[in-house]
Amino acid sequence: MSVNLLINAPAAANLNLAAQLLMGSALMAGMFLARRKLFRAHALCQSVIVLINLIPIAIYMLPVFGRGVLPALPGSLGDRFYLVSTVHAAFGMLAEVFGLYIILSAGTKLLPQALRFENYKRWMRAELALWWLVIAIGVGVYWVWYQAAPTALVQETSQEPLTVTVTLSNNLFEPKELTIEPGTVVIWKDSAGPHTVRADDGSFESPILTAGQEFSRKFESEGRYPYFCTLHGSAGGHDMAGVIVVARRARP
Ligand SMILES: [Cu+2]
């Protein structure tokens, strides 16, 4: 269990966060190149960053948004998870498109004069400010998605059959590994975001759950039952995944 960690994020999220902070810093450095009148170096630096950023957008951020956020819109915008993600996506697209437009307008002769702007400095400064605003909101997204639950919510009641609760949040199962006695009912309770519970071997699968919904299954046979969230994890224990171990043990 990782209850003592403040953040529990998958590697791709960490990589993207680091890349975005690095690219934002490179854009700041590029601004100083312009101040020193090194305009060619400035143009090269800023263009490369804006173009490179298309990669994490295309292979990571858009797919994650499409899987984990879009299906719940617009009904779930009251939930900060969806709100911050959607605001980030909207401003992020704006910043990227505007960046591409600046490259076209200032760096090429492809656009007719009427579509280019005159006061480059002002628009480029606005773009840099917007870009960093998007990074700041992105840090907010990272925090909302991956802050670890403060405590492991495992409740064992004395009623028969024994029930144990696993909490689903963004984006993890808490506790990740759970050992239960045969005959125990496991209740997966969704506390935030859309998630599913699917056995690696396909022996059980929930529909998409949203905050407040739950899914349960009774485990009779001893064994190891790895499972994952089809939206945020994959079979084999990757990212949002967990395991139920059914074993006889001495009861206290
Ligand atoms: Cu999930």
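The model shown is predicted, which means the values in this text are computed figures rather than measured ones. No hydrogens, no waters, no symmetry mates; every other heavy atom, side chains included, goes into these values. Atoms within each ligand, like the ligands themselves, are counted from 1 in listed order.
With hydrogens and angles disregarded, a donor-acceptor distance shorter than 3.5 Å links the side chain of His88 to the backbone of Val134. In this structure, the side chain of His42 engages the main chain of Gly30 through a donor-acceptor pair within 3.5 Å.
Between Trp123 and Tyr101, the ring center distance fails the sub-6.0 Å criterion.
Under the rule for a salt bridge (Lys or Arg N to Asp or Glu O under 4.0 Å), Arg217 has no partner lying at least two apart in sequence or in another chain.
Taking a cut-off of 2.8 Å, the protein N, O or S atoms nearer than that to the Cu ion (ligand 1) are His195 ND1, Cys229 SG, His232 ND1, Met240 SD.
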Side chain to side chain contact (heavy atoms under 4.5 Å, CB included) between Leu100 and Phe98, intermediate numbers included
CA-CA 5 Å; Leu100 293 171; Phe98 193 42; over 6 Å; no

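Residue Phe91 places its CZ atom among 12 or fewer non-hydrogen atoms of other residues, nucleotides or ligands, all under 6.0 Å distant.
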